[in-house]
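Notes follow once the structure below has been shown.
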Amino acid sequence: MTEFFIQHGGIIIALLGGALSCLLPGMGSAKAVGLVGEAGAGVVTEDPSKFSKILILQLLPATQGIYGLLTVFILLSRIGILGSNAAPDLRLGMLYFAACLPIALVGYFSAVAQGKAAVAGVGIVAKRPDQQAKAIMFAAMVETYAIFALLVSVLAISSIK
Amino acid sequence: MAKLNMLKIRVCALRNDRKRVIERMQRLGVVEIEPAKKLSEGVWQEDMSGERDGFQSTLSALQSAVSVLDYYAPAKDSMFSSYMGRKEINGREFEEMQQKGERTLSSCYEITRKKKQIEQLAADKLRLQLRVDSLAPWLGLDVKMRIKGTKSTKAFVGVLPNIYTEEQLILKAAEKHPDLTEFEIEVIGETSDSTCIFAVAANTQADSMDSFLRSLGITRPFEMSKKTPRECSKELRVRIEKCDREIADLEDEIREMAELRGIFKWQIDYYTMRLEKYEAIEKIAHTKNTFIIDGWIPEGEFPRLQTQLEERGAFVETLTIGKKENVPVAVKNGPITEGGEPILEMYAMPTKRDIDPTPVMAIFYYLLFGLMLSDAAYGLMLVLACGFVLLKFKPEGSNKKNMKLFMFSGATAVVWGVLFGSFFGDLPNVIAHTFFGVPQDVLILKPLWFDPIIEPTQMLIFSLALGVIHIFAGMILGLITNLKNKNYTAMFADNIAWMMVVGGLIVYGVDFILDMFGMGGLVVIPPDIKNVAIIAAGVGAVTVLLFSGLPTKSFGKRILKGAYSLYGITSYLSDILSYSRVLALGLATGVISQVFNMIGTMFGGGAAGAIMLLIVGLLGHALNIGISLIGCYVHTCRLQYVEFFGRFYEGGGRPFSPFSVKSKSFKFKEEK
């Protein structure tokens with residue numbers, strides 16, 4: 001058992017990290033995009049011409065899921081599941097796992113928070129469609145933190161030696 | 001900086017010339033009419049609500065006629081039709097259209113009436129269909145439904161709740177009414193929860209039959225006709241067919257009127273124009289024989305307006321603008337930078353003391369958007385699509401400006417894509433490797449500069465450096481704003497002092513920061529310059545501390561205020577870090593396109609592989625372009641609004657909205 005762990009533990013733990021960084025932001029984005037969709041559907045019932053404006057708001061919290069995906073793909077090629085790199089040893093695997101944590105956690109929570117801001121933005125678009133830009137900005141503010149987390153994760157994964 | 005200088009004007013003329021003067025003013029479309037206020041005795045505003053209501057109702061009739069036509073005979077519009085410019089017509093065509101329009105106005109009422117008839121017929125048809133459906137279980141009955149019986153028998157036709165077979169009914173009858181002997185019960189048909197029956201009993205036993213059926217809860221059928229159900233159903237079907245025919249005829253009649261759509265659209269424009277005119281008339285002041293219009297006009301347009309209105313018997317003068325007056329704001333920019341105007345309008349128009357930031361903002365917008373997209377192929381597609389729309393459809397107003405925005409942003413994306421070696425991601429390399437057996441380490445497409453996916457830290461540093469330049473541009477615009485407003489203390493204490501602090505600290509610390517990212521030695525700052533830089537930063541900080549609290553008189557309070565604004569250094573730090581999103585979005589676009597390329601080539605080379613790559617590539621890259629464009633748009637806006645405008649721009653001016661011909665489909669050619 002111990003031998004198995006020493007031999008394969010690295011890639012298992014690294015992949016676990018990768019899975020988390022796809023799972024959590026994906027879940028967060030799905031939840032958030034769904035929330036905005038529900039709110040948006042109500043507005044579109046009243047005024048179908050607002051569809052495209054709402055769609056932009058709905059897509060805003062979708063990016064965390066993409067950031068998670070991005071991290072995983074970079075990780076997969078680093079740990080040799082995709083491409084031809086060698087599998088990591090236990091130490092490297094744990095490092096990769098740690099590197100995945102920022103985007104995994106911040107991705108989830110920022111997606112949900114951004115979704116809520118976007119839902120509130122749907123209210124702006126419903127009442128004052130000319131103020132859509134402000135609604136977008138409120139939601140986009142939240143994304144900064146997902147971007148920081150993504151950067152830390154990606155920079156760490158691509159620099160771990 | 002192209003904020004237009006506004007003049008306040010007053011136009012006076014005789015009432016007899018009102019139509020000519022106001023119509024000319026509307027055609028010129030350069031004056032914003034200020035509603036008359038504080039009227040003295042003998043001056044009044046006219047109530048035009050009667051006329052306006054008339055135009056409104058004509059307009060809504062025309063609009064519903066067009067929507068009916070669009071439903072039954074959709075116009076063959078291309079997907080770009082909403083970007084299409086208006087059709088130009090000259091004075092003679094205008095007259096023709098007006099005459100034609102008057103003749104065809106009644107047709108729009110006819111179309112809406114026909115539409116109503118169709119709706120009525122459709123409702124009738126539905127009702128008939130329901131009756132046919134309710135007859136379906138009765139089709140087995142071959143006598144008329146209202147049959148009373150024969151000389152010696154009595155007949156019962158009805159519906160029993162629940163499902164019964166004939167045997168069950170006979171047994172029940174025997175059980176409950178043993179006296180009932182001379183009778184017949186037939187199940188004609190059944191629905192999901194009821195049974196349709198026909199029963200006959202001898203006259204003598206009719207009463208007990210009646211009470212037996214009542215005990216089962218018999219009800220009369222929905223349809224009681226004097227004919228057999230089969231005949232009845234047939235007759236109803238004939239009526240349904242008749243409805244269908246009538247509907248089809250009416251629809252054909254509507255389709256035949258489809259050619260009127262153009263005239264209707266013209267009339268919508270025409271009546272909108274007249275409505276606007278009467279709304280304008282309501283705003284202006286009248287006396288018994290004259291009228292007075294107060295309004296705003298961009299300075300450059302004034303001579304043209306003056307000559308044209310004075311030719312028509314009006315007197316035009318300029319007024320001095322009071323200090324508290326809310327002057328409307330209009331901006332005008334060159335053919336390249338006007339793409340930034342929609343972005344500015346979304347935020348806020350400049351106020352009296354702001355300068356127009358569009359030219360500088362637009363250039364940074366194009367650069368940052370392109371850097372986030374950073375793919376030569378995506379950029380090229382954007383340039384071609386927007387260029388095509390611009391040339392082919394000649395859009396106007398904000399449509400045109402938005403197209404320019406994306407076209408120029410796409411153009412910089414092409415440049416960045418070449419520098420970073422990205423054309424649909426790494427598609428050329430992938431194709432060379434999969435289909436032409438080029439070894440994986442030989443690259444067909446090499447970045448001219450570096451590959452951000454392989455060297456993200458270098459890209460991060462570049463993004464942040466660009467951010468520093470952007471923020472400094474903002475500070476310089478702030479300096480110009482303060483200079484223009486003769487606000488010299490703010491210019492020194494806010495703009496120059498902060499430039500010294502931020503600039504000094506960056507020069508002092510840049511090699512240290514680079515070293516932190518493992519790129520030490522990229523920039524070497526001589527110690528002398530470092531010393532100068534840190535001294536400059538110190539002087540700047542002291543200036544902020546001492547003077548940014550002005551005009552507060554008390555020294556203590558002023559220092560506290562200064563200390564607080566010195567704390568604003570954190571906002572510079574976070575603003576610069578915020579530009580790391582440029583790297584993140586660039587990576588997102590790049591990595592995802594590589595992923596799709598990889599999935600596309602999983603099936604290997606050969607014809608099948610090529611087809612798979614084509615399918616996956618088309619779908620994947622279309623998706624990636626869509627997501628990336630929204631991301632780039634939103635985040636470039638954010639960098640402009642928060643990081644850039646935050647340094648100097650106040651915003652909140654009232655946009656200039658001139659009294660003009662706000663037509664949708666036609667443009668009136670201006671006779672000189």
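Naming convention: chains lettered A, B, ... in sequence-line order (proteins, then strands); numbering from 1 in each chain.
- Under a cut-off of 6.0 angstrom, the local environment of CZ in B:Phe450 is crowded, with over 12 non-hydrogen atoms contributed by other residues, nucleotides or ligands.
- With values rounded to the nearest 0.5 angstrom, A:Ile147 atom CD1 is found 4.5 Å from B:His635 atom NE2.
- Distance OG/A:Ser158 to CD1/B:Ile454: 11.0 Å, rounded to 0.5 Å.
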For B:Val634 and A:Leu60, what are the C-alpha separation, side-chain angles and deciding distance, and is it a side chain to side chain contact (heavy atoms under 4.5 Å, CB included)? CA-CA 9 Å; B:Val634 168; A:Leu60 287 180; 3.8 Å; yes
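- In terms of heavy atoms, A:Leu155 sits closest to B:Pro456 at CD2-CB, 3.8 Å.
- At a 4.5 Å heavy-atom cutoff, the contact between A:Glu143 and chain B is made by side-chain atoms alone.
- Other residues, nucleotides and ligands contribute more than 12 heavy atoms inside 6.0 Å of the NZ atom of B:Lys662.
- Environment of CZ in A:Arg128: sparse, with no more than 12 heavy atoms of neighbouring residues, nucleotides or ligands closer than 6.0 Å.
- Across A:Ser159, A:Ala133, A:Ala140, the residue that shares the most heavy-atom pairs under 4.5 angstrom with chain B is A:Ala133.
- Among B:Gly590, B:Ser578, B:Ser574, B:Ser580, the residue making the largest number of heavy-atom pairs under 4.5 Å with chain A is B:Ser580.
- B:Leu583 is listed as a side-chain neighbour of A:Leu151, based on a closest heavy-atom distance under 4.5 Å.
- When each of A:Ile66, A:Thr144, A:Leu150 is checked for heavy-atom pairs under 4.5 Å with chain B, A:Thr144 comes out on top.
- In this structure, CZ on B:Arg581 lies 10.5 Å from OG1 on A:Thr63, to the nearest 0.5 angstrom.
- Only the side chain of B:Leu460 comes within less than 4.5 Å of a heavy atom in chain A; its backbone stays farther off.
- One finds the CG atom of B:Leu577 at 5.5 Å from the CZ atom of A:Phe148 (value rounded to the nearest 0.5 Å).
- Looking only at heavy-atom pairs under 4.5 Å with chain A, the residue among B:Ile453, B:Val595, B:Ile630 that has the most is B:Val595.
- With rounding to the nearest 0.5 angstrom, the CD1 atom of A:Ile74 is 6.0 Å from the CG atom of B:Leu587.
- Between A:Asp130 and B:Met346, every side-chain heavy-atom pair lies at or beyond the 4.5 Å cut-off.
- Of the inter-residue distances, the one linking A:Lys134 atom NZ with B:Tyr641 atom OH reads 8.5 Å to the nearest 0.5 angstrom.
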Which is it for A:Ile136 and B:Arg638 under the side chain to side chain contact (heavy atoms under 4.5 Å, CB included) test, yes or no, and what are the steps along the way? CA-CA 9 Å; A:Ile136 292 176; B:Arg638 183 221 142 103; over 6 Å; no
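- Annotation for B:Phe462: atom CZ counts as buried by contact number, over 12 foreign heavy atoms lying within 6.0 Å.
- In this structure, the portion of B:Tyr347 lying under 4.5 Å from any heavy atom of chain A is its backbone and not its side chain.
- Enclosure of atom NZ in A:Lys116 is not indicated, since only 12 or fewer non-hydrogen atoms of other residues, nucleotides or ligands lie within 6.0 angstrom.
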